[in-house]
Each structure stands twice: as structure tokens, then as C-alpha cells.
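Working notes for the structure below.
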Amino acid sequence: MQKETSSSDVSASHVGRVRHRRRPNEVTTTGNGANGPALLVSDQNKYKSMLIRTYSTVWMIGGFAFLVYMGHLYIWAMVVGIQIFMATELFNLLRKSSEEKQLPGFRLLNWHFFFTAMLFTYGRFLSRELVNTVTSDHLLYKAVSGLIKYQMFICYFLYIAGFVWFILTLKKKTYKYQFKQYSWTHMILLTVFAQSSFTVANIFEGMFWFLLPASLIVINDIAAYLFGFFLGRTPLIKLSPKKTWEGFIGASVTTIISAFLLANLMGRFQWLTCPRKDLSTGWLRCDPGPMFKPEHYFLGELVPQWFPWKEVFLLPVQWHALALGLFASIIAPFGGFFASGFKRAFKIKDFGDSIPGHGGITDRMDCQMVMAVFAYIYHQSFVSPHNFSVDTILDQIIRNLTYEEQKSLYQQLGEIFNERQFMQI
């Protein structure tokens, strides 16, 4: 660990690991000048790191698969847990023990803003699902509808309360530290919490739109690791000179192919394709829609005579999966490059050490956050219908009308239907 100096902002105990170890998918800049940089596969010390990383990866994939089986609500809980761990790692990054001792309770302010942001974000994303869950209880339904209607005001009031709290806790000689923490907290909420919250929106749109993008990031990471480990020679980017072109290109091809194939596999399970319209955990049944219904393609002269398949059945969503795969392989890695540059600025290797062989939670989620936002925007722009749907109208009714107004609307619709039915007789 690095020793703390008088100019340091943080102590080593709060910034995660500082020891300098090379990632197995990264190349060294030393080697035989005639033959180029040495392959990482020749470095025997890397095999131990690879084994530890593999064990951790297997456990994470197994736990993730179990949560997918359990359902949407459990995955949402996992996302919230990840957000809390990430916030903890990042809050501690700029923490100074000497100033903290002079500001008792100041750390609670960070969490006040964090949970206010959580209430606002999930209140907007999951209002319809929450109301649909409590429709059977009249009193609870009225209470939840009222909370949703005034949710924005409640969150704003909580934020202002935190703002006033911050001003009242300002102390002489710690102004700079306190304002740095205030800005740092808001940057965390913007770049980490806001982006990762789109993951939850994807989950309830249909687990497919969460699971496929998340899986592509994992596949890209593993493929880059393996290609870089066995073939890596050429540095990719100056910001992270140990990343290799071989790892990047190999991972890109693998990810795009995997996207096309995984979309066909995942698109056949209603548990993954059906949207969840409440917060229950029951099994899902729905019409998968045209996006998940196989279409026949005759290859004919497009393939050589020896090719065994002259016709194929593909899901339309597979073409959209190619866009997700392209983004996951080309753009999403820049989230990792951003994190690498960020860690270099603070002279740390990892954000934490909670995952053996990987670092902290934040180290594993940098690309996932970028991917989650793209998946949500892509789904809303190119997949989700743009016209008014029954769900959209119901969401507006629940959000803006009182229970009495909703009851009145129901009665008026009933009268309109009765009149139309009478006219048809």
C-alpha cells in the first residue's frame, strides 16, 4: 500500500487496492525488441491470477443465473445492492479521516442525497408496477396513488432539506473539503446512479432487454481477457497502454456473433420476453409480439451448394441484437477506459477488493452502466411502439387522476360502450 503524504487527499485504507498488478489481458511494454512485446501466456505469474479470476467469474455467473430464475423483483434488489456498494466505494474515494473527525454526521448527508435520488428515480420508473400491485386493497391503493401523484414534490422537498442541511453544517477551515464532497456526491448520482437505474427500467420492459445487454458486456470482457492473454501484443490506447488490439478485435467479433445467437435463444422464453406489469414474482404468460415470432428466410443461391441449411427461421429481434452487440463491443469498452483514466488520476489500481481477481464492484460495472442507458434508449426509440398504448394511457390516468375521478371515468366509459352496443342492435 502507498503511504499517506501531507498532500494526499485520501488514506490508502479508503481507496481500495493501490498495489500495481497487471491485468492478464494486458501486455507489458518490455520484451525482445526484435520480436515485439512478449505474449502474456509466457508469463507464468499470470496463471494464478487467471485462476482466481475464473473462480470469481463462475460464482458471479451462477448467482446471477439464480436471480434470473427467481424473477424481476430479485434482480431489482440485486441492482439496488450493487448501487449501494458502488456508492460506498466512490464515497470513500475522496474521504479524509482528519476532516471527517471534525464533521460528525457529515457522511450521512451523502446517503441522504443517494436515497432521495433512489426514491425519485424508481418512483418514476416503477409507478405503474407499484400501483398494479396494490389495486386489490382500496385504502392502500389510494395511499400509493397519492404518493405517486406528489412524488416529485416529495423528492424535491427531501433534496432541499439536504441542501439546507449541508449549508448548516459548513465549518470554517473545512469549506473546501465540504464543497468537494458535495460536488463529488452529485457527480456520483449523475454518472453512476442515474445510468445504472436504467437497468431497472430494462428489467420490467422484459428481462430480455436487461439480460441480453448485460450478457454481451460479460462476454466481451471475458473474450477480451482470453484473446489478450493468449494473443495480445499490440497496445490499444495510450490511456490504458496495456490493453491490446488483439483482445479488442477478438472480443468485438465474439460479442457480435454471440448477440445474434443469444437473441434467438433468449427470445424463445416468455419468462424473458414478457414485460412485468407489477411487483409480483409469479410466472409470466403473454403474447410475445411480432418481435419474438420466428420468420422464414430462404437462402437459396446466397449460400454454396455444400451448405446444409437452405432455409432458416430467425426472430426479428436478432437484427436489433446486432446493434446491441456492436455497441457492446465498440462503444461500451470506453466506459472501462474512462474508469481506467479515473483510477490513474487518483493513483489507484482498483476501486475496491470485494471481488477476488476483479477489484471492486465499480470495476465490474463501468461498461454495464454505459450499456444499460443505450439499451433503454434503443428499446424506446426502435422497439417500443410510439403510438398511445393501453398501458401508457392507464399510467397517465393512475398518475394524474384521483380515485373518484378514475371511478367517474370508468362509469362514463361504461355509458359510452352501452350506447354503442345499443346502436348496433
Plane angle bin for Phe346 and Phe342 - parallel if under 30°, tilted between 30 and 60°, otherwise perpendicular: tilted
Side-chain donor/acceptor of Thr362 to backbone N/O of Phe351, under 3.5 Å: no
Neighbour count above 12 (heavy atom, 6.0 Å) for Phe115 CZ: yes
Minimum heavy-atom distance between Arg276 and Thr281, given as atom pair plus value: NH2-C, 3.9 Å
Shortest non-hydrogen contact from Gly247 toward Phe227: CA-CB, 3.8 Å
Atom pair OH/CZ of Tyr156 and Phe153 - distance to nearest 0.5 Å: 9.0 Å
Atom OH of Tyr378: over 12 foreign heavy atoms under 6.0 Å: yes
Distance flag, aromatic centroids of Phe198 and Phe125, threshold under 6.0 Å: yes
Check: His379 and His320 side chains under 4.5 Å, non-hydrogen atoms: no
Heavy-atom closest contact (Phe292 atom, Leu315 atom, distance): O-CD2, 3.7 Å
Gln368 side chain to Thr199 side chain, donor-acceptor N/O pair below 3.5 angstrom: no
Heavy-atom check, side chain of Phe417 versus side chain of Leu413, under 4.5 Å: yes
Spacing of Ile416 atom CD1 and Asn418 atom CG [to the nearest 0.5 Å]: 10.0 Å
Aromatic ring proximity, centroids under 6.0 angstrom, Phe208 and Phe269: no
Distance, nearest 0.5 Å, that separates OG of Ser127 from NZ of Lys149: 14.0 Å
Tyr182/Phe113 aromatic ring centres below 6.0 Å: yes
Partner of Trp111 under ring pair (Phe, Tyr, Trp, His ring centres under 6.0 Å), chosen from Trp165, Phe91, Phe106: Phe91
Stepwise ring pair (Phe, Tyr, Trp, His ring centres under 6.0 Å) test for Phe64 and Phe210: CA-CA 12 Å; Phe64 180 71; Phe210 158 73; 5.8 Å; yes
Trp209 (side chain) donor-acceptor with Ala201 (main chain) under 3.5 angstrom: no
Residues Ser408 and Gln412: side-chain donor-acceptor under 3.5 angstrom: yes
Where Ile397 and Leu409 come nearest, the two heavy atoms and their spacing: CD1-CD2, 3.5 Å
Test item: Leu108 and His112 side chains (from C-beta on) under 4.5 Å apart, heavy atoms: no
Between CD1 on residue Ile75 and CG on residue Leu67, distance to nearest 0.5 Å: 6.5 Å
Ser183 OG to Ile188 CD1 distance, which is reported to the nearest 0.5 Å: 11.0 Å
Between Phe334 and Phe337, ring centroids under 6.0 Å: yes
Flag if over 12 foreign heavy atoms under 6.0 Å of OH, Tyr410: no
Contacts of type disulfide (SG to SG under 2.5 Å), residue Cys274, not counting sequence neighbours: Cys286
Side chain proximity check, Met369 to Met86, heavy atoms < 4.5 angstrom: yes
Contact check, side chains of Ile219 and Thr254, non-hydrogen atoms, under 4.5 Å: yes
Under 3.5 Å donor-acceptor, Gln318 side chain and Ala263 backbone: no
For Gly336 against Asp366, the heavy-atom pair lying closest together: CA-OD2, 3.5 Å
Contact check, side chains of Gln195 and Val373, non-hydrogen atoms, under 4.5 Å: yes
Side-chain donor or acceptor of Thr169 paired with backbone N/O of Phe166 under 3.5 Å: yes
Flag, side chain of Glu89 to backbone of Ile361, donor-acceptor distance under 3.5 Å: yes
Ring pair (Phe, Tyr, Trp, His ring centres under 6.0 Å) assessment of His186 paired with Tyr159: CA-CA 11 Å; His186 283 70; Tyr159 178 82; 5.7 Å; yes
Side-chain ion pair, Asp287 and Lys293, N-O less than 4.0 Å: yes
OH (Tyr297) with more than 12 external heavy atoms under 6.0 Å: yes
Stepwise ring pair (Phe, Tyr, Trp, His ring centres under 6.0 Å) check, Tyr69 with Tyr74: CA-CA 9 Å; Tyr69 171 78; Tyr74 292 88; 9.9 Å; no
Plane angle bin for Trp283 and Trp271 - parallel if under 30°, tilted between 30 and 60°, otherwise perpendicular: parallel
Interatomic spacing from CG in Leu322 to CD1 in Ile257 - rounded to 0.5 Å: 10.5 Å
Shortest non-hydrogen contact between Asn220 and Pro333, atoms and distance: OD1-CG, 3.9 Å
